[in-house]
Amino acid sequence: MTASEHENRGPAAVPPNLGGSTLPPVEEKQNSRSIGELVAGISERFSRLIRDEIELAKVQATAKAQKIGVGAGLLAAAGVLALYAFGILLLAAVWGIANALPLWLSALIVGLVLLLICGVLALIGIKSIKKSNEYVVDPKSGIKNDIEAAKKGLATDE
């Protein structure tokens, strides 16, 4: 075989009997997409990215609202129990003045226990509301990070 009989298949296509490799020829990957298609793809991906960031913000806001709801519910329960405790303490004061020690003392003990429960529920509710501040809804920083990542990706493609 002469050199003119071989088709030009690049440096990896030298026949093995001439000292070449048996590896397949290296094919250069050519991007057949036009600039318009590339811009359309970037635009579509950016739109999807923005929609995803908005969805993330919705999820974060829902989580924060749930935390606030639990805290508000516990505070409401503490308020209702405080009303009962106040009623019992008033009843205990009335019976204490009107009757002997055992009746009002038992009512006073019940009232103090209810007040203790109210205090515990109020502290748990306040802690839950403060804990909801950990969930900061900030889609702007996520979008900024995505734009920076896209810029870095475009810079490495060139």
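Every value quoted in this text rests on a predicted model; they were computed, and no experiment measured them. For the numbers below, each heavy atom of this structure counts, side chains included, while hydrogens, waters and symmetry mates do not.
For the atom pair Leu83 CG and Cys118 SG, the distance stands at 8.5 Å (nearest 0.5 Å). Here CG of Leu121 is found 11.0 Å from CD1 of Ile126. Values are rounded to the nearest 0.5 Å.
Contact annotation: the side chain of Leu75 approaches that of Ile129 to within less than 4.5 Å [non-hydrogen atoms, C-beta and beyond].
Other cluster members for Val39: Ile35, joined by side-chain heavy-atom distances under 4.5 Å among Ile, Leu, Val, Met, Phe, Trp and Tyr.
Annotation: Lys64, atom NZ; neighbour count of heavy atoms from other residues, nucleotides and ligands within 6.0 Å is above 12.
Cluster annotation: Leu74 is connected to Val120 through the hydrophobic network of ILVMFWY side chains, with a link wherever side-chain heavy atoms come within less than 4.5 Å. A single hydrophobic cluster is seen to contain both Ile124 and Val80, as judged by linkage of ILVMFWY side chains at heavy-atom distances under 4.5 Å, directly or through other members.
With sequence neighbours excluded, the residues forming a side-chain contact (heavy atoms from CB on, under 4.5 Å) with Ala85 are Leu114, Leu115, listed by chain and number.
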Check residues 45-63 and write down every donor-acceptor pair under 3.5 Å in which the side-chain atom is one partner and the other belongs to a residue at least two apart or another chain.
residue, atom, partner, partner atom, Å
Ser47, OG, Ser43, O, 3.0
Arg48, NE, Glu44, OE2, 3.3
Arg48, NH2, Glu44, OE1, 2.9
Arg48, NH2, Glu44, OE2, 3.2
Thr62, OG1, Lys58, O, 2.9

